[in-house]
Undergrad: 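Please see the structure below; I have some questions.
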Amino acid sequence: MDTLRYPIGLFTYNEEESGQLFQVWIDEIKQLPTKLRAAVEGLSEVELDTTYRPQGWTVRQVVHHVADSHMNAYIRFKLALTEENPTIKPYDEGEWAQLADSKLDIDISLKLLEALHARWSILIESLTEEDLQKVFSHPEHMSTITLRESVANYAWHGKHHTAHITERFKRIG
Ligand code: NI
């Protein structure tokens with residue numbers, strides 16, 4: 001296991017414990033913008049432009065990536081809620097992270113995440129058990145993904161990238 005790349009481990013999902021953990025995941029999604037903001041607090045521009053691990057993204061790119069990823073996720077949720085098993089559009093996250101808007105002030109994406117997660121968590125909390133069983137498909141994978149699993153996945157994803165930043169600055173003190 002590459003612990004620099006996967007500081008909190010790989011994403012795992014167990015349908016049986018999902019009832020018990022569901023509220024935890026919602027809380028993690030709600031808290032992500034605050035946790036991410038805390039992780040980058042006080043970092044200099046030079047620190048923001050250093051990589052969180054060798055050959056990894058810079059801290060700045062990580063913050064903008066979380067916004068890119070969660071904007072896509074939000075759209076996937078809305079598609080799954082309003083269409084029958086929609087096929088979602090994958091995107092090349094590495095190429096997205098090279099575009100000009102990944103070099104912007106991180107506060108722009110932190111504010112975007114605050115607004116996005118406010119809407120997203122209210123949407124998730126409104127979902128019935130039937131809604132949570134709704135699915136979308138990834139064109140390159142054979143299986144469908146339920147919204148319930150997707151909530152778990154994005155709770156993990158926010159913590160995964162926040163840990164890239166917090167673990168990096170723990171290592172260098
Ligand atoms: Ni990611």
Undergrad: Roughly how far apart are Gln31 CD and Thr162 OG1, rounded to 0.5 Å?
TA: 11.0 Å
Undergrad: Side chain of Ser44, backbone of Glu47: donor and acceptor closer than 3.5 Å?
TA: yes
Undergrad: Side-chain contact, heavy-atom cut-off 4.5 Å: Ile106 with Val40?
TA: yes
Undergrad: Go through it in stages, so that I can follow the logic: the residues are Thr12 and Trp156, the test is side chain to side chain contact (heavy atoms under 4.5 Å, CB included), and I'd like the CA-CA distance, side-chain angles, deciding distance and then a yes or no.
TA: CA-CA 9 Å; Thr12 58; Trp156 171 86; over 6 Å; no
Undergrad: Taking C-beta and beyond as the side chain, do Arg37 and Asp107 meet within less than 4.5 Å on heavy atoms?
TA: yes
Undergrad: Does any N or O in the side chain of Ser121 come within less than 3.5 Å of the main-chain N or O of His117, such that one atom is a donor and the other an acceptor?
TA: yes
Undergrad: Going by heavy atoms in the side chains, are Tyr52 and Glu167 under 4.5 Å from each other?
TA: no
Undergrad: With distance as the sole criterion, is a donor-acceptor pair present between the side chains of Asp131 and Thr128 under 3.5 Å?
TA: yes
Undergrad: Are Leu81 and Met71 joined in one hydrophobic group, where the rule is that I, L, V, M, F, W and Y side chains link up if heavy atoms are under 4.5 Å apart?
TA: yes
Undergrad: Test side chain to side chain contact (heavy atoms under 4.5 Å, CB included) on Thr50 and Thr58; report intermediate values, then the result.
TA: CA-CA 5 Å; Thr50 54; Thr58 64; over 6 Å; no
Undergrad: I want to check something: taking the side chain as every heavy atom from C-beta on, are Ile88 and Ile75 in contact at a cut-off of under 4.5 Å?
TA: no
Undergrad: Do Arg148 and Phe22 meet the cation-pi criteria used here (NZ or CZ under 6.0 Å from the six-membered ring centre, within 45° of the axis)?
TA: yes
Undergrad: If we only count heavy atoms from C-beta on, is the Val66 to Leu32 side-chain gap below 4.5 Å?
TA: yes
Undergrad: Without swapping roles, check the side chain of Ser126 against the backbone of Leu123 for a donor-acceptor pair under 3.5 Å.
TA: yes
Undergrad: Say whether, by atom type as modelled, one donor and one acceptor occur between the side chain of Asp105 and the main chain of Ile108 under 3.5 angstrom.
TA: no
Undergrad: Is there a chain of hydrophobic side chains (I, L, V, M, F, W, Y, each step under 4.5 Å between heavy atoms) that links Val135 to Leu79?
TA: no
Undergrad: Apply salt bridge (Lys or Arg N to Asp or Glu O under 4.0 Å) to Glu114 and Lys111, showing your working.
TA: CA-CA 5 Å; Glu114 281 156 14; Lys111 283 186 176 137; over 6 Å; no
Undergrad: Are more than 12 heavy atoms, taken from residues, nucleotides or ligands other than Gln20, located less than 6.0 Å from that residue's CD atom?
TA: no
Undergrad: Write down the atom of Ile124, the atom of Phe77, and the distance for their closest heavy-atom approach.
TA: CG1-CE2, 4.0 Å
Undergrad: Decide whether His65 and His157 meet the rule of one side-chain donor and one side-chain acceptor closer than 3.5 Å.
TA: yes
Undergrad: With Asp49, which residues qualify under side chain to side chain donor-acceptor pair (under 3.5 Å), at least two apart?
TA: Arg60
Undergrad: In terms of ring plane angle, is the pair His70 and Trp120 parallel, tilted or perpendicular, where the classes change at 30° and 60°?
TA: perpendicular
Undergrad: Compare every heavy atom of Leu4 with every heavy atom of Arg171, then report the nearest pair and how far apart it is.
TA: NH1-CD2, 3.3 Å
Undergrad: Which pair of non-hydrogen atoms, one from Glu140 and one from Pro90, has the smallest distance, and what is that distance?
TA: OE2-CG, 4.0 Å
Undergrad: Treating Ile, Leu, Val, Met, Phe, Trp and Tyr as nodes and any side-chain heavy-atom pair under 4.5 angstrom as an edge, say whether Leu36 and Trp96 lie in one connected cluster.
TA: no
Undergrad: Establish, from distance only, whether the side-chain atoms of Asp27 and Gln23 form a donor-acceptor pair under 3.5 Å.
TA: yes
Undergrad: Roughly how far, to the nearest 0.5 Å, is the OG atom of Ser69 from the NE2 atom of His161?
TA: 6.5 Å
Undergrad: Identify, with sequence neighbours excluded, every residue that meets side chain to side chain donor-acceptor pair (under 3.5 Å) alongside Gln133.
TA: Glu129
Undergrad: Do Phe11 and Phe136 belong to the same hydrophobic cluster, where Ile, Leu, Val, Met, Phe, Trp and Tyr are linked whenever their side-chain heavy atoms lie under 4.5 Å apart, directly or via other members?
TA: yes
Undergrad: Mind checking whether Tyr6 and Tyr13 sit in one hydrophobic cluster, side chains of I, L, V, M, F, W, Y counted as touching below 4.5 Å?
TA: yes
Undergrad: Evaluate Lys30 against Glu125 for salt bridge (Lys or Arg N to Asp or Glu O under 4.0 Å), listing each step before the verdict.
TA: CA-CA 11 Å; Lys30 275 188 188 163; Glu125 283 184 320; 2.9 Å; yes
Undergrad: Considering only heavy atoms from C-beta outward, does the side chain of Ser102 approach that of Trp57 to under 4.5 Å?
TA: no
Undergrad: Does some side-chain heavy atom of Leu104 sit less than 4.5 Å from a side-chain heavy atom of His64?
TA: yes
Undergrad: Keeping the roles fixed (side chain from Arg168, backbone from Thr51), state whether a donor-acceptor pair exists under 3.5 Å.
TA: yes
Undergrad: How close do Lys103 and Leu99 get, counting heavy atoms only, and between which atoms?
TA: NZ-O, 3.9 Å
Undergrad: Rounded at 0.5 Å granularity, tell me how far CG in Leu21 sits from CD1 in Ile26.
TA: 11.5 Å
Undergrad: What's the shortest heavy-atom distance between Pro33 and Leu113, and which atoms?
TA: CG-O, 3.5 Å
Undergrad: Any side-chain heavy atom of Ser150 sitting closer than 4.5 Å to one from Arg76?
TA: no
Undergrad: Considering non-hydrogen atoms only, spot the tightest contact between Ala97 and Gln61 and give its length.
TA: O-NE2, 3.0 Å
